[in-house]
Every structure is written in C-alpha cells, then in structure tokens.
Visitor: 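Attaching a single structure in structure tokens format; questions to follow.
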Amino acid sequence: MTLATPVLRTDRLRLRPFTDADADHLFALHSNTHVMRYWDSPPWTERARAERFVMMCRKAADEGTGARVAIDRACDGAFVGWCGLSEWNPVYRSASLGYCLNEAMWGHGYATEAAHALLRWAFDTLDLNRVQSEADTRNVASARVLEKIGFVREGTLREDCVVNGEVSDSWVFGLIRREWRPSTSPL
C-alpha cells in the first residue's frame, strides 16, 4: 500500500515531500552536534547518509509505513527541517511522530506548527486513533512542543539509548484521537 506523502500548508510553513535537492540541507541538519545531542544516533559524518535518508522516506511512503516531509518557511522557502510519521499501522490505526529542526529555526514555534499540521492530516486522512512520540528526558523544549499540541507524557523508558557511550532515558508521549484539539488558532 502506498502512503501518499502530503503537501500541507500553514500560515508560515509548507510541508512537502523530500527531493534529491534536500540532501545538502539534511546533511547540514543531521551533522550538527548541537542539534543531534538528544538524538538516538550520533551526528552524520558522510553526506551519503542524507541521500539514503531521502530514499528511505520515499520507500516508507511506497510501502505504506510512514510519511516524512520537509518543512520550508512559506515567506522565503528557507529549509526549516522535517517532521514525519513512522511505524504507521493501519490495523491498529497508530503511528509515531518525529521532527528535527535547523538550530536557527528553534524558538519560533515552527516545530509546534508543523507537527500540528501533520497531526491534522494523520487524524483526518489516515483516520489514526493514536500517535506516539518519544523525547530524551533532557530535551525539555521538545517535550514542551508535544504538550502544546496535546500529547500526554505516559511514562519513561529508562536507559533506552546509548549514543557514543552516553546512556539516556526517554519520555513516551501519546495523543489519542478523542483528545485531539484541531484548533485553527495559532499555537
């Protein structure tokens, strides 16, 4: 089953399928040690990883297991980052939400706005009942984004990641369809 990757728009953002031209932006994003400090894998050291990422996004859409989209700023087309749904299960009507933004784009509400737009598509088009997300317990900003869009912290995965010898815990967040607030007002 193919999962058509959406093109979504908000007042400030455009969410779109990845193209090969995004590889340089993705490499810059995922090779930044500050951006990746709470990630579950080390920063990228080879540009080829970005090319594989784009191919994996296409494959996930073709196989019907996920949809990742690039986020551009509407006013000037600047690459903001990406957000996506993975582990989509049409039987359980569930998926996992993730996002990664360019450090220069932090603090402007872009993660909240993009995730909200993708969730609206997930609940309305994919008819999901549950979306889950995880955040490193040290990443308070990401936890705040999830809570702003209605996610509830459901528990802690203790010592679930070891990256470069550093052990970390993750919070698990969940959002259930009946608790979803698809507001049209700015977040």
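In this text the structure is predicted, and so the values were computed from the model without any measurement.
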Visitor: Taking side-chain hydrogen bond (donor to acceptor under 3.5 Å, both in side chains) as the definition, give me every residue that meets it alongside R16, ordered by chain and number, with sequence neighbours left out.
Guide: D22, D72

Visitor: If you look at every heavy atom in A114 and L13, which pair is closest and at what distance?
Guide: N-CD1, 3.9 Å

Visitor: Determine, using the 4.5 Å side-chain heavy-atom cutoff (strictly less than), whether L26 and Y38 are members of one ILVMFWY cluster.
Guide: no

Visitor: May I ask you to test the W121-L126 pair for a side-chain heavy-atom distance under 4.5 Å?
Guide: yes

Visitor: Taking only Lys NZ, Arg NE, NH1 and NH2, and the carboxylate oxygens of Asp or Glu, determine whether D124 and R177 approach each other closer than 4.0 Å.
Guide: no

Visitor: Search all heavy atoms of L29 against all heavy atoms of G81 and return the closest pair with its distance.
Guide: CD2-CA, 4.3 Å

Visitor: Would Y110 and R12 count as a side-chain contact (heavy atoms from CB on, under 4.5 Å) here? Give the steps.
Guide: CA-CA 8 Å; Y110 295 142; R12 301 184 305 156; 3.4 Å; yes

Visitor: According to the salt bridge (charged side-chain N to carboxylate O under 4.0 Å, His left out) rule, which pairs have a member within residues 132-141, sequence neighbours left out?
Guide: D136-R138, R138-E166

Visitor: Could I get the full list of side-chain hydrogen bond (donor to acceptor under 3.5 Å, both in side chains) partners for H30, not counting sequence neighbours?
Guide: W82

Visitor: For residues I71 and M36: do they belong to one hydrophobic cluster (side chain heavy atoms under 4.5 Å, members Ile, Leu, Val, Met, Phe, Trp, Tyr)?
Guide: yes

Visitor: Tell me which donor-acceptor pairs under 3.5 Å the side chains of residues 41-56 have, and how far apart each pair is, sequence neighbours excluded?
Guide:
from	atom 1	to	atom 2	distance (Å)
R47	NE	D24	OD1	2.5
R47	NH1	E51	OE2	2.3
R47	NH2	D24	OD1	3.1

Visitor: Which heavy atom of A117 sits nearest a heavy atom of L8, and at what distance?
Guide: O-CD1, 3.7 Å

Visitor: Using side-chain hydrogen bond (donor to acceptor under 3.5 Å, both in side chains) as the criterion, list what pairs up with Q132, not counting sequence neighbours.
Guide: R130

Visitor: Test of understanding: clusters of I, L, V, M, F, W, Y form through side-chain heavy atoms closer than 4.5 Å, transitively. Do W39 and V172 belong to the same one?
Guide: no

Visitor: Which pairs of donor and acceptor atoms, one on a side chain in residues 96-103, lie under 3.5 Å apart (sequence neighbours left out)?
Guide:
from	atom 1	to	atom 2	distance (Å)
Y99	OH	S142	O	3.1
Y99	OH	S142	OG	2.7
N102	OD1	A104	N	3.0
E103	OE1	N32	ND2	3.2
E103	OE2	H34	ND1	2.7

Visitor: State, yes or no, whether a side-chain contact exists between R9 and L15 at a heavy-atom distance under 4.5 Å.
Guide: no

Visitor: Please list, chain by chain and in numerical order, all residues satisfying side-chain contact (heavy atoms from CB on, under 4.5 Å) with A141, sequence neighbours excluded.
Guide: N139, R144

Visitor: For D40, what residues pass the side-chain contact (heavy atoms from CB on, under 4.5 Å) criterion, not counting sequence neighbours?
Guide: C161

Visitor: Between F27 and S31, which heavy-atom pair has the shortest distance, and what is it?
Guide: O-OG, 2.6 Å

Visitor: Between C83 and V69, does a side-chain contact (heavy atoms from CB on, under 4.5 Å) hold up when you go through it step by step?
Guide: CA-CA 6 Å; C83 75; V69 292; 4.1 Å; yes

Visitor: What residues form a side-chain contact (heavy atoms from CB on, under 4.5 Å) with A78, not counting sequence neighbours?
Guide: R73, D76, M105

Visitor: For residues 133-172, pull every pair meeting ring pair (Phe, Tyr, Trp, His ring centres under 6.0 Å), keeping only residues two or more places apart or in separate chains.
Guide: none

Visitor: Please identify each residue that fulfils side-chain contact (heavy atoms from CB on, under 4.5 Å) with R158, with sequence neighbours left out.
Guide: T156, D169

Visitor: Taking the side chain as everything from C-beta on, heavy atoms only, tell me whether L175 gets closer than 4.5 Å to L119.
Guide: yes

Visitor: State, yes or no, whether a side-chain contact exists between S94 and V131 at a heavy-atom distance under 4.5 Å.
Guide: no

Visitor: What are the two closest non-hydrogen atoms of G64 and W88, and how far apart are they?
Guide: O-CE3, 2.7 Å

Visitor: May I have all residue pairs that pass ring pair (Phe, Tyr, Trp, His ring centres under 6.0 Å) and include part of residues 123-149, sequence neighbours excluded?
Guide: F123-W180

